2 protein chains.
Amino acid sequence: MEQRTTTLTDPDSARGKLLQAAAELFRTKGYDRTTVRDIANAVGILSGSIFHHFKTKDDILGAVMEESVNSLLVRMESALATIDTPVARLRAMIRCELESIQGENGHALAVLVYEWRSLSPENQQKLLHIREAYEQLWLTEFTGATEHLKPGIEPFVLRRFLSGSLYWTTYWYKESGALTISDLTEMALKLILK
Amino acid sequence: MEQRTTTLTDPDSARGKLLQAAAELFRTKGYDRTTVRDIANAVGILSGSIFHHFKTKDDILGAVMEESVNSLLVRMESALATIDTPVARLRAMIRCELESIQGENGHALAVLVYEWRSLSPENQQKLLHIREAYEQLWLTEFTGATEHLKPGIEPFVLRRFLSGSLYWTTYWYKESGALTISDLTEMALKLILK
DNA sequence: AACCATACCAAGCAAGCGCTTGGTGTGCAA
DNA sequence: TTGCACACCAAGCGCTTGCTTGGTATGGTT
């Protein structure tokens with residue numbers, strides 16, 4: 001795996017606070033329905049001042065997405081570092097993805113998933129290779145666990161079924177209910193195992 | 001099952017053509033990035049003329065969604081009418097949903113799924129009971145097939161995993177490829193069976 | 001021939017949008 | 001004390017948006 005030189009923005013900095021506020025707003029209202037005035041208001045500055053930190057609104061979306069995929073990759077790599085058996089590795093990856101989608105800063109990943117087409121083609125291009133690297137990680141792990149997986153479904157289809165299942169939790173799962181993230185993880189794991 | 005008094009709009013009427021154009025635009029560009037001028041242009045009229053057929057842009061979205069869920073319900077009920085065994089019924093339902101998402105007029109259902117939050121609360125309210133009736137249909141079928149389903153996953157979670165898997169196909173599946181809708185159907189069915 | 005509902009045009013308004021510009025206050029370095 | 005980078009304000013520009021208004025062409029009914 002390539003060496004990452006990821007630098008996550010300090011969440012206490014002005015830029016960091018803007019990114020967090022933007023992520024939450026983008027997730028709950030959607031990118032287009034979120035105005036730069038909304039974002040500015042959420043951190044207590046005026047709208048024009050945003051453009052001291054970001055060139056365009058589209059760049060804010062790009063930055064939110066970049067941060068989210070970077071932090072997910074960092075967390076996943078560190079979680080995998082100490083795990084050997086194929087099934088346990090899959091479990092850890094599912095859990096990471098669920099936590100990233102549902103966790104306290106999960107707004108960002110949900111934005112990456114559901115606002116992708118709102119991003120300008122230029123910024124899509126910049127992020128594409130990271131997304132592809134991430135999906136490659138999954139496919140590698142899937143092919144390493146073939147014998148444990150449900151037969152009769154091609155691995156790349158199975159991964160996409162799993163993606164859809166996990167992403168879709170944003171629309172119905174509430175962490176406060178009876179179902180924990182661990183429960184969800186086990187069920188999603190059962191879904192793809194034989 | 002209740003008697004439906006569904007009246008699907010004639011696709012050759014002015015209103016029908018507008019709905020179809022709107023559905024396609026909403027799906028490809030998203031609701032917010034689609035202007036009423038875009039829709040008008042797609043059917044060859046001026047933007048102001050739209051409001052002779054619909055009160056607001058939000059009403060267009062609501063109408064698109066209502067048509068899509070109604071046509072899906074009609075198709076699913078007629079498909080189920082002649083099928084008895086639980087597994088075959090599930091297969092038929094999966095196929096219906098996939099065809100509605102991917103088929104020639106599948107724009108509409110994708111819009112219903114992914115632009116829900118763009119709809120005004122008032123129009124959401126109007127559609128909610130139809131959506132709930134639809135989900136109830138699934139849950140009923142699931143509980144009727146419990147013995148064939150994958151154990152260890154609560155039925156309502158399983159249905160949501162399946163929903164996510166099927167909905168997500170909008171983002172990656174192309175009907176022109178090597179994979180047919182029938183292939184997808186069988187794989188999705190395998191996913192939920194034991 | 002008179003009527004009328006339907007479908008559309010032509011023009012534009014008011015509001016909201018992303019973003020710009022020129023300036024101000026603050027804290028740190030020399 | 002001066003200088004300067006940084007974070008932000010105050011004001012508003014230019015454009016796009018959903019939607020309105022008043023009028024016109026058309027085709028069917030009486």
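All values below were derived from every heavy atom in this structure, side-chain atoms included, with hydrogens, water molecules and symmetry-related copies excluded. Remember, predicted model here, so these are calculated numbers, not experimental data.
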Considering only nitrogen or oxygen atoms on both sides, find all protein atoms under 3.5 Å from nucleotides 8-11 of chain C and state each distance.
from	atom 1	to	atom 2	distance (Å)
dC8(C)	OP2	H53(B)	NE2	2.9
dC9(C)	OP2	L46(B)	N	2.6
dC9(C)	OP2	S49(B)	OG	3.0

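- In this structure, D58(B) atom CG and dG18(D) atom P are separated by 12 Å, rounded to whole Å.
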Short heteroatom pairs, N/O only, protein and nucleotides 26-29 of chain D, under 3.5 Å:
none

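- For K190(B), the NZ atom is densely surrounded, since the number of other residues' heavy atoms within 6.0 Å is greater than 12.
- The overall bend of the helix from dA1(C)-dT30(D) to dA30(C)-dT1(D), read as the angle between its terminal helix axes built from five base pairs each, is 10° when rounded to 10 degrees.
- Here Y171(A) contributes atom OH and W116(B) contributes atom CH2; the two are 12.0 Å apart, rounded to the nearest 0.5 Å.
- Checking R159(A) against S163(A) by side-chain atom types alone, a donor-acceptor pair falls below 3.5 Å.
- Under the salt bridge (Lys or Arg N to Asp or Glu O under 4.0 Å) criterion, the residue pairs touching residues 20-36 of chain B are D32(A)-R33(B), R33(A)-D32(B), K29(B)-D38(B), with sequence neighbours excluded.
- If you measure from atom CD1 of I50(A) to atom P of dC8(D), you get 10 Å, rounded to the nearest angstrom.
- For the pair L25(A) CG and dG18(C) P, the computed distance is 12 Å after rounding to whole Å.
- Residue L46(A) is not grouped with residue I39(A) when hydrophobic side chains (ILVMFWY) are merged at heavy-atom distances under 4.5 angstrom, including chains of intermediate members.
- Using modelled atom types and a 3.5 Å distance limit, the side chains of S182(A) and R95(A) yield a donor-acceptor pair.
- Atom CD1 of I39(A) is separated from atom C1' of dC8(D) by 17 Å (rounded to the nearest Å).
- The neighbour count for K17(A) NZ, taken as heavy atoms of other residues, nucleotides or ligands under 6.0 Å away, does not exceed 12.
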Output one line per pair: protein atom, nucleotide atom from nucleotides 14-17 of chain C, and distance, for all N/O pairs under 3.5 Å.
none

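- Whole-Å rounding puts the K55(A) NZ to dG18(C) P distance at 17 Å.
- For F51(B) and dC13(C), the CZ to P distance is 17 Å, given to the nearest whole Å.
- Listed by first and then second residue, the salt bridge (Lys or Arg N to Asp or Glu O under 4.0 Å) pairs involving residues 48-62 of chain B amount to none (not counting sequence neighbours).
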